[in-house]
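Note on naming: letters A, B, ... go to the chains in the order of the sequence lines (proteins, then strands), and numbering restarts at 1 for each one. Values below: all heavy atoms of this structure, side chains included; hydrogens, waters and symmetry mates excluded.
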Protein chains: 2
Amino acid sequence: MKLTSKGRYAVMALVDLARFDNINPVSLRDISLRQGISLDYLEQIFSRLRKREIVQSVRGTQGGYVLNKKAKEIKLSNIFDAVDEKVKTVKCKKESKKGCNGKTTKCLTHNLWDELDSHINNFFEQKSLEDLVKDNAERRI
Amino acid sequence: MKLTSKGRYAVMALVDLARFDNINPVSLRDISLRQGISLDYLEQIFSRLRKREIVQSVRGTQGGYVLNKKAKEIKLSNIFDAVDEKVKTVKCKKESKKGCNGKTTKCLTHNLWDELDSHINNFFEQKSLEDLVKDNAERRI
DNA sequence: TGATACTTGACTATTTTAGTCAGGTTTATA
DNA sequence: TATAAACCTGACTAAAATAGTCAAGTATCA
Ligand code: FES
Ligand code: FES
């Protein structure tokens, strides 16, 4: 099980953004330089974040991105959702009554993976962007 | 983040095995048929499980595999370890002091991924094969 | 009228995954 | 003792996913 770089970069970029947010829009170019993420790739990511109304864009010179909600209200789960970083543990379709093996009952491990799914998603629902920024500020002192 | 089929099948097969274990060795062919997993693939998986001493093999006709420890003592983490299903959340090398971006400090999100890593691995360390078999037996009633 | 920065969509190399395939060796049992 | 069941090993590969790049814009400020 591994985290994809889309999810990783999305969070990294948003933490960076959130730290400067109160003043001016932050340009992707700056984030790219500070965090070492390809600019083109960041653009893909922010396009999605904007569609999900996590950030707002400001065009033109001195433009950039701004948070569209309070950092406290942006959960990790929202971010991952936006960039399509899903947790996939069960193999079957959850709604269906069929198992992953094509049989009419769920497989021996279905329930386990389902628990795992919840376990991981809980984590994502509890962490907010604010938590991350604070955690980082403390570390700095 | 998704579970690979190697990890999924390893657990599935072991639960199947554990249910019949007390009597005779269980052949991979049987597991293959019951669980709908390719025999050749199962062989790869069991080769690893044997090397880690999770199962024991019995060669020849009527042969098969037997658990090498009590089901209670086989944790999910042991199984995943054996088949190389790792949880990879941080991008950097944990031991190193360098960050994932090549800088001399850890990145803004390092700590978060590290927490996530522990969160997931906790789950794997708490579940034993016995739990899974029991859980399944209850469900059947 | 630049320069800066967002916007969009297509494209691609690399890596990982999920197996298959071919050729063994061992041992119970008929 | 022949035969078939079952383990054992390593190499190979098609397909999918990932992690980007590239190209061609549009909007806005100074
Ligand atoms: S994962 Fe749902 S039935 Fe196997
Ligand atoms: S993940 Fe460890 S420094 Fe970025």
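For E43(B), taking side-chain heavy atoms from C-beta onward, the closest of the listed nucleotides dT8(C), dG20(D), dT9(D) is dT9(D).
Listed pair S57(A) / dC6(C) fails the phosphate criterion, with no side-chain N or O lying under 4.0 Å from OP1 or OP2. The phosphate of dA19(D) (OP1 or OP2) has no side-chain N or O of Y9(A) nearer than 4.0 angstrom. OP1 or OP2 of dT20(C) sits under 4.0 Å from a side-chain N or O of S38(B).
Rounded to whole Å, atom P of dT18(D) lies 13 Å from atom CD of Q44(A). Regarding Q62(A), its CD atom lies at a distance of 14 Å from the C1' atom of dG2(C), rounded to whole Å. Rounded to whole Å, the distance from OH on Y41(B) to P on dG10(D) is 17 Å. Between L28(B) atom CG and dA4(D) atom P there is a gap of 21 Å when expressed in whole angstrom units. Between the CG atom of L39(A) and the C1' atom of dC22(D) there is a distance of 12 Å, given to the nearest Å. We find that CG of L33(A) is positioned 14 Å from C1' of dT4(C), with the value rounded to whole Å. Distance CG (D40(B)) to P (dT13(D)): 16 Å, rounded to an integer number of Å. Between the CG atom of L42(A) and the P atom of dA5(C) there is a distance of 14 Å, rounded to whole Å.
Heavy-atom distances to DNA chain C give each of G64(A) and T61(A) a nearest nucleotide, and the one nearer the 5′ end belongs to T61(A). Comparing G60(A) and R50(A), the nucleotide of DNA chain C nearest to each residue sits closer to the 5' end for G60(A). Across the interface with DNA chain D, nearest-nucleotide mapping of K91(B) and Y65(B) shows Y65(B) to be the residue nearer the 5′ end.
Across all non-hydrogen atoms, the minimal contact from P25(B) to G63(B) is CB-C, 3.9 Å.
Between F124(B) and F80(B), the angle of the ring planes goes over 60°, which puts this pair in the perpendicular group of the 30/60° scheme.
Residues N122(B) and H119(B) are not in side-chain contact: their nearest non-hydrogen atoms beyond the backbone lie 4.5 Å or more apart.
Two different hydrophobic clusters hold V58(A) and I31(A) under the rule that ILVMFWY side chains link at heavy-atom gaps under 4.5 Å.
Residue K2(B) is in sugar-phosphate contact alone, with no base atom involved, counting any heavy-atom pair closer than 4.0 Å across all strands shown. No engagement by F46(A) is indicated, since no non-hydrogen atom pair under 4.0 Å with the nucleic acid exists.
The pair D117(A)-K94(A) counts as a salt bridge, with a side-chain nitrogen and a carboxylate oxygen less than 4.0 angstrom apart.
A donor-acceptor contact under 3.5 Å is formed by the side chain of R59(A) with the base of dT26(D).
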